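All of these numbers come straight from a predicted model, not from anything done at the bench. Both backbone and side-chain heavy atoms feed into the values below; hydrogens, waters and symmetry mates do not. The residues of the chain are indexed from 1 along the displayed sequence.
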Amino acid sequence: MAAEALADFLGARFTALGIKHGFESLVSLVAPVANPPKTIYISHPISAYRRLVNAAVAGGAEANEGLWEAGVAECNALPGLIETDGSLVAVMPTAIDELRFQSLANDAERLTQRSPYLGPRWPLMSGGVGLISVLPDGSPLDYASVQHRDLLLQEPSAIADQ
């Protein structure tokens, strides 16, 4: 919100670009050109795909890219098909990946506790090369290396304790 307010104050364009977008998208947005690119928002199914993966993981399946339906790869390919000449930048909601918090087991827990558990990350776009998805040597990360499922607390905490 602060970045959006600052852009408004400066009369600048504001675009929220998720960390899994490709570097080329960022360059297109910030490079000084006479005709800046237009941004388009790609709305696509998210929750249905995530529910299927979360159910598989809850059933004991290992979290890997193979759990995601083929439609996910098709969604992730859209920016590359659209951003061909620098006149358009495709903004994807799944590049932000905020729907990773897993639900707690029962209604009583959901009302009184917050879950620290993260579900599997939506697969990377651009073949694994995004704004945060490159190793120091320049090679792309694989799916397992960007999961960070144990980043938060190790057990649920009561809302009153927070």
field: Euclidean distance, T15 OG1 relative to K38 NZ, rounded to 0.5 Å
entry: 12.0 Å

For P37 against G86, the heavy-atom pair lying closest together: CB-O, 3.3 Å

- prompt: Can you name the nearest heavy-atom pair linking T39 to V91, along with the distance?
  reply: CB-CG2, 4.3 Å

query: What do the steps show when you test H44 against E74 for side chain to side chain contact (heavy atoms under 4.5 Å, CB included), and what is the final call?
result: CA-CA 10 Å; H44 61 82; E74 293 171 6; over 6 Å; no

CG on L29 to CG on L17, rounded to 0.5 Å: 6.0 Å

query: Looking only at heavy atoms, which two atoms of D85 and L88 are closest? And how far apart?
result: OD1-N, 4.4 Å

statement: What one should report as the nearest heavy-atom pair of P79 and M92 is CG-CG, 3.6 Å

Gap separating the CZ atom of R121 from the CZ atom of R50, nearest 0.5 angstrom: 9.0 Å

query: Out of curiosity, does V89 fall in the hydrophobic cluster containing V30 (side-chain heavy atoms, cut-off under 4.5 Å, transitive links)?
result: yes

- request: Using a 4.5 Å cut-off on heavy atoms from C-beta on, say whether the side chain of T94 contacts that of C75.
  value: no

- line: Heavy atoms of A90 and H21 approach each other most closely as O-CE1, 3.1 Å

message: Hydrophobic cluster membership, with links at side-chain heavy-atom distances under 4.5 Å among I/L/V/M/F/W/Y: are L52 and V72 in one?
response: no

query: Which atoms form the tightest heavy-atom contact between P120 and W68, and what is the distance?
result: O-CZ2, 3.9 Å

